[in-house]
A.B. asks: 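Attaching a single structure in structure tokens format; questions to follow.
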Amino acid sequence: MEKHGVPTAKCLKVSKENLDEGYKFLESVKAPYVLKADGLAAGKGVLILNELQEAKDELSKMLDGKFGAASATVVIEEFLKGIEVSVFVLTDGEHYVLLPEAKDYKRIGDGDTGLNTGGMGAVSPVPFCTPDFLNRVEERIVKPTLKGLKAEGIDYKGFIFLGLMNDGGTPYVIEYNVRMGDPETEAVMTRIEGDFADLLFACADGRLNEVHYAKSDKTAVTVMMVSGGYPEAYEKGKVMTGLDTLKDVVAFHAGTAFDAENEVVTSGGRVIAVTTHGDSIEEARTKAYREVEKIHFEGANYRHDIGLDLMRMQ
Ligand code: GLY
């Protein structure tokens, strides 16, 4: 990102060899301090610390294997403040389309409390993603990113998931993923009008500039139902009832299976994502919770506040 002029947090990669440089970098940025394991850590390798000494101590512990081999190298980042949003791009390497954006709710508990999860719900569109904001995303992030890929000799066709921070109307990149997001996809896909396969064929053929693509004006709200205990240990095999009573929803089965009696049972932590639509967040979330309450299984858990923060912002 630095090389290709994409706005992001200031950062430094630290290993045992340049630990002193890491300490100096921590002294040069303001609290809170963000330490990220550079390797894959199942979404758990990030620490956000308020005290400088604590940050230095944790940096040293991470390099000593706090997250195993994943933290043999640690990225120290300047803390970005603001609200996160996920923006999705489909590119054929030359052209791109901006798919609908979504806000994800990552913590397990209401009011953004508790452990990080794969995502407990999503809302699309996101009210602060005004045409002006999205224009800034395209000019400052999407275009330099695609130009950067080309400059690096990477012929990339597919999705780019931009994890962004909106700091007072200015977008910064927190992360890129080369996939869609979960549970953002469960909201976003339902707002793409027309034949999605056409978009994918056009992407593969380098014709994304030729296809017609439109987004629905409806608001989609997705609520993820999870097993009790998730994101830590949870039990499987709980019989699910109420699925045949759902109305006007798209219910995405994630961690479900049939048992020997052909009943639907839970078979994972993230069990089912329920998406509904409305003319406003309020309407869509009222419907979503009405339907979620019809689904029963032992230990079922979900967040009750998906979309509330965005409604308060409107
Ligand atoms: N919901 C975040 C992700 O898919 O990475």
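Quick caveat: nothing in here was measured; it's all calculated off a predicted structure. One-based numbering, in listed order, for ligands and for the atoms of each.
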A.B. asks: Can K215 and E193 be counted as an ion pair, charged N to O under 4.0 angstrom?
C.D. replies: no
A.B. asks: Does at least one non-hydrogen atom of G119 fall below 4.0 angstrom from an atom of ligand 1?
C.D. replies: no
A.B. asks: Parallel, tilted or perpendicular, judged at 30° and 60°: which one describes the rings of F88 and F161?
C.D. replies: perpendicular
A.B. asks: Would you check whether G118 reaches within less than 4.0 Å of ligand 1, judged by its heavy atoms?
C.D. replies: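 Contact present.
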A.B. asks: Which of the atoms in ligand 1, numbered in the order shown and given with their element, are less than 4.0 Å from a heavy-atom of G181?
C.D. replies: 4 (O)
A.B. asks: Is NZ or CZ of K287 both nearer than 6.0 Å to the six-membered ring centre of Y289 and within 45° of the ring axis?
C.D. replies: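 Verdict for Y289: no cation-pi partner in K287.
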A.B. asks: Without hydrogens or angle criteria, can the side chains of E152 and H4 be said to hold a donor-acceptor pair below 3.5 Å?
C.D. replies: yes
A.B. asks: Among all the protein's non-hydrogen atoms, which is closest to atom 5 (O) of ligand 1, and how far away is it?
C.D. replies: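 Protein heavy atom with the smallest distance to atom 5 (O) of ligand 1: R179 NH2, 2.8 Å.
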A.B. asks: Would one find an N or O of E184, backbone or side chain, under 3.5 Å from an N or O of ligand 1?
C.D. replies: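 N/O-N/O distance below 3.5 Å exists for this pair.
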A.B. asks: Can you list the atoms of ligand 1 that are under 4.0 Å from a heavy atom of D104?
C.D. replies: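 Reading through ligand 1 atom by atom, the close ones are 1 (N), 2 (C).
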A.B. asks: State whether F297 and K238 meet the cation-pi test: NZ (Lys) or CZ (Arg) under 6.0 Å from the six-membered ring centroid, and within 45° of the perpendicular axis.
C.D. replies: no
